[in-house]
Amino acid sequence: MHWPERGSRMLRPVHRTVIATVVGIAAVIIVFLNAGPALAHGFSSTVYANITAGDEGHIRTKLGLEYDLLVVSAADYEDDDSLFDAGTAAFDAGDPEGQAAALDTHAASVAKYVTERFSVTSRGEVCKPTQVGGVTIGQQEGVPYADLLLDWTCPERADEHEVRSALFPDGETYVKGTKTIVTYEIDGRSGSAALDAGSPSFSTAQAWYERFREFFVLGAEHLLTGIDHILFLLALIAGSRRLREIVLAATSFTLAHSVTFMLAALGLVNVPASVVEPIIALSIAVVAGWHLWGVWRRGDRATELETAGRGHFNLDRAGWIRLGVVFCFGLVHGLGFAGALGIDEAWSWTLLWSLLVFNVGIETVQLAIIAVVFPLLILLRRRAPKIGLWATGVVSAGVSLMGLIWFVQRLSGS
């Protein structure tokens with residue numbers, strides 16, 4: 001597109017400022033990445049527990065635990081150096097059979113670590129655990145998980161049980177904020193629960209609204225602690241020119257990720273994390289870069305409609321394209337939310353209503369952030385248009401660079 005000479009002169013300082021901003025933010029981000037810990041695997045962990053009625057009145061639990069975390073924690077707790085050596089060697093080699101063998105060889109250390117942090121009680125009496133068979137190795141979110149079967153013998157039969165989990169606590173310093181996602185079908189009841197340090201136990205007799213509250217909080221915390229989703233939302237806010245656009249973008253994103261989230265929960269869609277995570281990072285870079293490109297190309301007119309609005313939503317061509325892009329990326333983010341709960345098994349049917357509440361928790365925080373940030377942005381744009389433009393440009397530049405760095409890291413598996 002050809003701009004008049006006056007427009008070209010006006011855009012030159014814009015280009016110089018954009019370049020300086022990008023370079024400065026890139027330097028800050030590189031320093032941040034080099035100084036801080038990895039933002040992906042190892043920061044937090046999720047334990048999966050499936051509880052059913054076993055043979056002869058036993059309670060059977062199937063625990064899914066992050067393999068390398070289990071090795072390090074159990075070896076440290078029991079001072080079992082040979083478990084650490086054998087377990088980490090098998091992990092580094094990517095050898096599932098070797099990983100299972102390392103845990104089975106040191107079954108006493110592993111079982112003691114687990115059963116002193118995970119328990120089942122009946123009427124206040126602790127049930128006695130017995131390991132069933134050997135450990136099997138699977139995967140969750142692209143990392144090895146150890147599946148451990150335990151049968152619990154309770155002093156007397158009861159129509160309700162309490163389950164407590166304190167696995168991988170913050171005090172071990174290996175991870176922070178471990179969640180235990182429980183599904184159960186015992187005592188004539190079925191349901192699900194989300195346990196953490198603040199709420200480490202639940203009873204199979206608890207009310208439905210108590211379970212839903214736990215998943216609502218879990219969804220809210222997931223968005224608040226998920227820096228990639230927060231940055232994607234900030235990119236949407238920064239690039240929206242008016243209230244209608246951010247509402248439509250947020251609605252489009254919500255509908256899209258709800259679709260894939262529920263399809264994953266029903267077992268109809270299962271995409272590996274190795275594919276989902278790089279695309280999420282790329283989506284952050286693209287959505288943020290979209291606004292930065294508009295600032296580069298149109299300067300002070302970047303917040304204006306390029307043509308008259310079309311249709312009931314009064315969007316111009318750029319607005320419609322952006323809406324479509326956001327919807328497509330929202331589909332991928334839904335798979336990311338599903339991956340956070342390890343949704344790739346048939347038991348996800350049991351979690352269906354709890355997952356809907358988890359999704360509501362995500363949306364509540366998302367809307368709260370928009371309700372706080374976007375009015376402030378509109379006020380800044382009206383009172384000081386140039387400062388508002390450059391503020392969103394700086395945010396978009398930083399978010400886009402961060403997304404590109406994550407994209408390269410996740411694509412390379414680092």
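Side-chain contact between P375 and I378 is absent, with no heavy atoms from C-beta onward closer than 4.5 Å. For the pair T88/D68, no side-chain contact is recorded, criterion being any heavy-atom separation below 4.5 Å from C-beta on. Side chains of L70 and F168 form a contact here, defined as non-hydrogen atoms less than 4.5 Å apart. In this structure, M402 and L231 have side chains that are in contact, with non-hydrogen atoms separated by less than 4.5 Å. For the pair I284 and L404, the minimum side-chain heavy-atom distance is 4.5 Å or more. Taking 4.5 Å as the limit, every side-chain heavy atom of V71 sits out of range of all side-chain heavy atoms of F91. In this structure the side chain of F216 reaches within 4.5 angstrom of the side chain of T364, judged on heavy atoms. Side chains of W406 and I280 form no contact here, defined as non-hydrogen atoms less than 4.5 Å apart.
The two atoms that bring Y67 and A90 nearest to each other are OH-CB, 4.0 Å, heavy atoms only. Counting all heavy atoms, side chain and backbone alike, H106 lies closest to S82 at CE1-OG, 2.8 Å. Here the closest non-hydrogen pair linking I186 and A53 is CG2-N, 3.3 Å. For S400 against A288, the heavy-atom pair with the smallest separation is N-CB, 3.6 Å. Of all heavy-atom pairs spanning L236 and A249, the tightest one is CD2-CB, 4.3 Å. Residue A49 comes nearest to T180 through the heavy atom pair CB-CG2, 4.4 Å, listed as atom of the first residue, atom of the second, then distance.
Here the CG-NZ distance, from L150 to K62, works out to 12.5 Å after rounding to the nearest 0.5 Å. Going from atom CG of L149 over to atom OG1 of T61 covers 7.5 Å, rounded to the nearest 0.5 Å. From D151, atom CG reaches atom SG of C127 across 11.5 Å, with rounding to the nearest 0.5 Å. The CG atom of L63 lies 9.5 Å from the CG atom of N50; values are rounded to the nearest 0.5 Å. H161 NE2 to I51 CD1: the interatomic distance, rounded to the nearest 0.5 Å, is 10.0 Å. Atoms CZ and CG, from R164 and L195 in turn, are 9.5 Å apart once rounded to the nearest 0.5 Å.
Contact check on D170 versus K176 returns no salt bridge, with no Lys/Arg side-chain nitrogen under 4.0 Å from an Asp/Glu carboxylate oxygen.
In I387, the CD1 atom is not crowded: 12 or fewer heavy atoms of neighbouring residues, nucleotides or ligands sit closer than 6.0 Å. Atom CZ of F84 has 12 or fewer heavy atoms from other residues, nucleotides or ligands within 6.0 Å.
In this structure K112 satisfies the salt bridge (Lys or Arg N to Asp or Glu O under 4.0 Å) test together with E78, sequence neighbours excluded. Partners of I369 according to the side chain to side chain contact (heavy atoms under 4.5 Å, CB included) rule, which considers only residues two or more places apart in sequence or in another chain, are I230, L233, I237, V365, V373.
Taking the six-membered ring where the residue is Trp, Y48 and Y145 present tilted rings, their angle falling between 30° and 60°. Note: H333 and F253 have perpendicular aromatic rings, judged against thresholds of 30 and 60 degrees for the angle between ring planes.
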Run the numbers on L167 and Y113 for side chain to side chain contact (heavy atoms under 4.5 Å, CB included), then give the verdict. CA-CA 9 Å; L167 289 160; Y113 173 82; 4.2 Å; yes
Check against side chain to side chain contact (heavy atoms under 4.5 Å, CB included), S199 and D196: CA-CA 5 Å; S199 180; D196 58 18; 3.7 Å; yes
Does the side chain to side chain contact (heavy atoms under 4.5 Å, CB included) test come out yes or no for L103 and L83, once each step is laid out? CA-CA 7 Å; L103 295 178; L83 168 59; 4.3 Å; yes
Quick one, D76 with E172, criterion side chain to side chain contact (heavy atoms under 4.5 Å, CB included). Give me CA distance, side-chain angles, the key distance, then yes/no. CA-CA 9 Å; D76 184 51; E172 291 181 350; 6.0 Å; no
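Between the E97 side chain and the Q99 main chain, no donor and acceptor come within less than 3.5 Å of each other.
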